[in-house]
Novice: 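I have a structure I would like to understand better, so I am pasting it below and will then ask my questions one at a time.
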Amino acid sequence: MKKVVIFGECMVELVSKGGNDMIKSFAGDTYNTAVYLKRSAPNVSVSYLTAIGEDFLSNELLFAMGDEQINTDQVYRCSKRNLGLYMVRTDKQGERTFAYWRDNSAATQTLNVMTQPPQQIDMFYFSGISVAILDDVQREKLFDLIAELKHQGCEIVFDPNYRPRLWPDKEVAQAWMDRCYSVADIAFPGGDDHLALYGHTDADDVFGHLAPMRIGETVMKNGAVGVRIKNAQGQFIVPVEKVNDVVDTTAAGDAFNGGYLAARISGKGVTESASYGAKVAGTVIQHPGAIIPVEALKKAVNSL
Ligand code: ADP
């Protein structure tokens, strides 16, 4: 059985239903990817590496992971901290506003409380958010862990998921993102992320910037425009079937990554994997929220 470890933070999500009513669930970029990877490839072992609290919400998250068949062997407990939380409000025009309480979350301490680092795994996935929430000492511990995993032959996968509010300024973010890219075997740059972070306006800018990082497989997402892939064989363009009745684009990129990696780790080629990832993402954006009902995904996309 192939083994994947996904590192990051899962938060409590509260979505306003109008007035003071809220719907509670659990989400976060890397967690969303873990869920869609596991749902797409049930035969792959997916562990989520994070830290949670000892409160009842943290316990509920563990149960949610169990429901998704995600291994919790890499979930650590932090006695003095809780889960991060965010709230989403949608106004009458459909515009969403987010408020976050995550600065002191348990997940910000993951590398400090980790006692049994993952070993002998096939794939390690992390994002710019996973890095942004750590202090510099823990970032170094993360890069030590990645170096050790690479040494063992593990594939390293990175998505920048740039969130300006999590970084002191663009220069600092660029420096860390470039360092992350330079250890990646597979990377998922997004068109919007690269425009905001580096001012790149097209795929050539993005691939040009990433060339010195020698990433084996670069998969550039660009909404409904399509996916561009670059690897040792050359460049490929994979069209995406445009979804017209988009309900909520939350987690589109995360879902794509989960589907793409599920297909790759199941032995599919890059273009077939991109089409599969696009199918997963295209389904997710037709439903509200980051994590859509299991049945809704099953109805639209066969698992691998
Ligand atoms: P991110 O969420 O990282 O910004 P994108 O907006 O590029 O990512 O979307 C990720 C993936 O979701 C795309 O590669 C595509 O497969 C799918 N997607 C996004 N928007 C649409 C759309 N309108 N129609 C069909 N697929 C879409």
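Ligands are counted one by one from 1 in listed order, and the atoms in each one are counted from 1 as well. What you see below is based on every heavy atom in this structure, not just the backbone, and it leaves out hydrogens, waters and symmetry mates. For reference, positions follow the sequence shown, starting with 1. Since this is a predicted model, take the numbers as computed values, not measurements.
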Novice: Can we call the ring centroids of Tyr162 and His200 under 6.0 Å apart?
Specialist: no
Novice: Applying salt bridge (Lys or Arg N to Asp or Glu O under 4.0 Å), can you list everything that pairs with Glu68, at least two apart in sequence or on another chain?
Specialist: Arg39
Novice: List below, pair by pair, the N or O atoms of ligand 1 and of the protein that are less than 3.5 Å apart, including the distance to 0.1 Å; reply 'none' if no pair qualifies.
Specialist:
from: ligand 1; atom 1: 2 (O); to: Gly253; atom 2: N; distance (Å): 3.0
from: ligand 1; atom 1: 7 (O); to: Gly223; atom 2: N; distance (Å): 2.6
from: ligand 1; atom 1: 24 (N); to: Val243; atom 2: N; distance (Å): 2.8

Novice: Assess the side chains of Tyr86 and Glu13: does a donor N or O sit below 3.5 Å from an acceptor N or O?
Specialist: yes
Novice: Salt-bridged, Arg264 to Glu155, with N to O below 4.0 Å?
Specialist: no
Novice: Nearest 0.5 angstrom please: Thr110 OG1 to Gln138 CD, how far?
Specialist: 7.0 Å
Novice: Does a salt bridge link Lys141 with Asp144, judged by any charged N lying under 4.0 Å from a carboxylate O?
Specialist: no
